[in-house]
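These notes concern the structure reproduced below.
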Amino acid sequence: MFKAPRGTADILPAEQPWWRYIESQAAAVCRLYGYERISTPAFEDAGLFARSVGEGTDIVNKEMYIFKDRSDNELALRPEGTASVCRAYLEHGMDNQPQPVRMYYFADIFRYERPQAGRYRQHHQFGCEAIGEASPMLDAEVIHMALSFFSSLGLTNFTLQLNSIGCRKCRPVYLQELKKYYQPLSQELCEDCRTRLGKNPLRLLDCKKPGCQRAAESAPRSADYLCEECSLHFQSLKGYLGDLGIKYTLNHRLVRGLDYYTRTVFEIQPLEGGSQSALGGGGRYDDLIGQLGGKATPAIGFATGMERIVMNLKNQGVEVPAAEKPAVFIACLGEAARCEALKTAARLREAGVSVIVSAGDKSLKAQLRNANSAGAAYVAIIGENEVSAGTVMLRNMQTSEQQELQQDDVISVLQADKIK
RNA sequence: GUGAGUGUGGCCCAGAGGCCUAAGGCGCCAGGUUGUGGCCCUGGAUAUCGAGGGUUCGAAUCCCUCCACUCACCCCA
């Protein structure tokens, strides 16, 4: 027997209400903020991710699904969403549109990792990007949007972690300081961190090993080394957030694992969370479009993992709208009735009524049982009597009342009961 | 990649060497008189006890190998 590949999951009908709920809330929030949907391919030129996410990151190093197609193109299933949106921005000359261009997406994301709670090899992200404007207003907008999305879902108990990691100008200075600080401590660091010290010192800060944690405590903070512009940007962002009544926690150890981030980085974490805590995260990536061959174009984005949202909704006992039940279940007895059932169903559906037709050859009792477990509001019974009279027996499953009706009267009864 | 735990019908699970030709619950199917659901009652189907090998007179139960899943680390959504 075949099984879904490791780290992938079927989202069964019973799970769909959560997904529908999340998707519709997301789309509603995006409408409120003027973001338009974009869909990009599930795979791209592998180089796109190597160049944007960064050669030194775990995502590119060990988590990408890379493959060659039959023409020897090196492709990768997307390990994140931002790179593709930026590629599309450039490819379609969106820099000619009024800036910033605001877009959102739902995307399947693929990363070759060992699965565990809240982590999958294929997962789904909802994200948004605002490309073409450097103002901290936009940072505030994206953060506000992310938070109001979670609130609109009914999630409480999460925090906003905020940091600024500077830009091309000031970050090198900071990294020097960081190295200077860590060098003498290198004996106390874990093996990974010792290599990070040379390759990607920012990552030293979010190592969870106790020794490294201690070292990180009193490490220099990026926010203290920002250049004039970055500092101003960060100050105004904090000001805007304050004005909007958004509470945040400054977290100098929040650095994020993708290389393209500049200035603002943020993460949203549930208060009582397992280890895969991040509900969502994002930040500014002012150099990325340039790195991909466009002109210098500032941008900021945010993404959230839908599986983790579902997890949190369940943990917090949030109720989501139930799946719609069929309005009418048609039960039929005998060959002549079967034909009549199909015709009746067609008529009802034309009127916009949802109908399940009982198929096969079951007893009326069995058909009613099926109707009950389908949650149908009404059952239309068509047997020999009804066929010859040209009627149906319409049974209200709630009240157990039933009446024999002319075909044409069925719809008006349903409408009177506001059933669709 | 590393470490730990688990693997019994569609699902939850009992079972700890012979009483297991594997229990129970949920679900599914059928019946409880002729064309009527939800509750209740009765009956039924569905398990080569993850796979392979070994120990033993005898293994779901012990040992080995493999596989899968879960959780954790790394990192993140």
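In the text below, chain A, chain B and the rest are named by the order of the sequence lines, each starting its count at 1. For clarity, every value in this text was computed on a predicted model and none was experimentally measured.
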For atom [atom1] of [X] and atom [atom2] of [N], their distance in whole Å:
X: A:Leu205; N: B:C75; atom1: CG; atom2: P; answer: 12 Å
X: A:Phe2; N: B:A68; atom1: CZ; atom2: C1'; answer: 16 Å
X: A:Phe266; N: B:A77; atom1: CZ; atom2: P; answer: 11 Å
X: A:Met311; N: B:U70; atom1: CE; atom2: P; answer: 13 Å
X: A:Phe150; N: B:A77; atom1: CZ; atom2: P; answer: 12 Å
X: A:Glu307; N: B:A77; atom1: CD; atom2: C1'; answer: 8 Å
X: A:Leu12; N: B:C11; atom1: CG; atom2: C1'; answer: 12 Å
X: A:Arg6; N: B:U70; atom1: CZ; atom2: P; answer: 8 Å

Please report the distance separating the [atom1] of [N] from the corresponding atom of [M], rounded so that it comes out in whole Å.
N: B:A30; M: B:A45; atom1: C1'; result: 10 Å
N: B:G38; M: B:A77; atom1: P; result: 50 Å
N: B:U56; M: B:A51; atom1: P; result: 23 Å
N: B:C20; M: B:G15; atom1: P; result: 15 Å
N: B:G18; M: B:C29; atom1: C1'; result: 35 Å
N: B:A59; M: B:C66; atom1: P; result: 24 Å
N: B:U46; M: B:C12; atom1: C1'; result: 16 Å
N: B:G7; M: B:A14; atom1: C1'; result: 15 Å

Residues two or more places apart in sequence or in another chain: which of them pass side chain to side chain donor-acceptor pair (under 3.5 Å) with A:Glu74?
none
Could you tell me which residues satisfy side chain to side chain donor-acceptor pair (under 3.5 Å) with A:Arg102, sequence neighbours excluded, listed by chain and number?
A:Glu141
Below 6.0 angstrom between ring centroids: does that apply to A:Tyr174 and A:Tyr225?
yes
Among B:A72, B:U36, B:A77, the one nearest any side-chain atom of A:Gln116 is B:A72
Of the nucleotides B:C75, B:A72, B:U36, which one has an atom closest to the side chain of A:Glu63?
B:C75
Check every strand shown and say whether [X] touches a base, only sugar-phosphate, or nothing at a heavy-atom separation below 4.0 Å.
X: A:Lys62; value: base
X: A:Glu113; value: base
X: A:Arg114; value: base

If we call it a pair only when both distances are under 3.5 Å in a Watson-Crick or G-U wobble match, what pairs with [N]?
N: B:U48; result: none
N: B:C62; result: B:G54
N: B:A72; result: B:U2
N: B:G7; result: B:C67

Any donor and acceptor pair, going by atom type alone, linking the side chain of [X] with main-chain N or O of [Y] inside 3.5 Å?
X: A:Thr297; Y: A:Gly132; answer: no
X: A:Arg395; Y: A:Ile381; answer: no
X: A:Gln367; Y: A:Lys362; answer: yes

Looking at A:Ala216 and A:Leu205, what are the two nearest heavy atoms and their distance?
CB-O, 3.9 Å
Starting at the 5' end of RNA chain B, which residue's closest nucleotide do you reach first, A:Pro5 or A:Leu368?
A:Leu368
List, with names and distances, any nitrogen or oxygen atoms from the protein found under 3.5 Å away from nitrogen or oxygen atoms belonging to nucleotides 27-35 of chain B.
unit_1, atom_1, unit_2, atom_2, d
B:G32, N7, A:Lys365, NZ, 3.2
B:G35, O6, A:Asn385, N, 3.1
B:G35, O6, A:Asn385, OD1, 3.2
B:G35, O6, A:Asn385, ND2, 2.2
B:G35, O6, A:Glu386, OE1, 3.3
B:G35, N1, A:Glu386, OE1, 2.8
B:G35, N1, A:Glu386, OE2, 3.0
B:G35, N2, A:Glu386, OE2, 3.1

Consider only side-chain N and O atoms of A:Thr264 and A:Asp139, and report whether a donor and an acceptor are under 3.5 Å apart.
yes
What verdict does the salt bridge (Lys or Arg N to Asp or Glu O under 4.0 Å) test give for A:Glu335 and A:Arg338, after you've listed the backbone C-alpha separation in whole Å, the side-chain angles of each residue and the deciding distance to 0.1 Å?
CA-CA 5 Å; A:Glu335 187 52 40; A:Arg338 278 196 255 274; 3.0 Å; yes
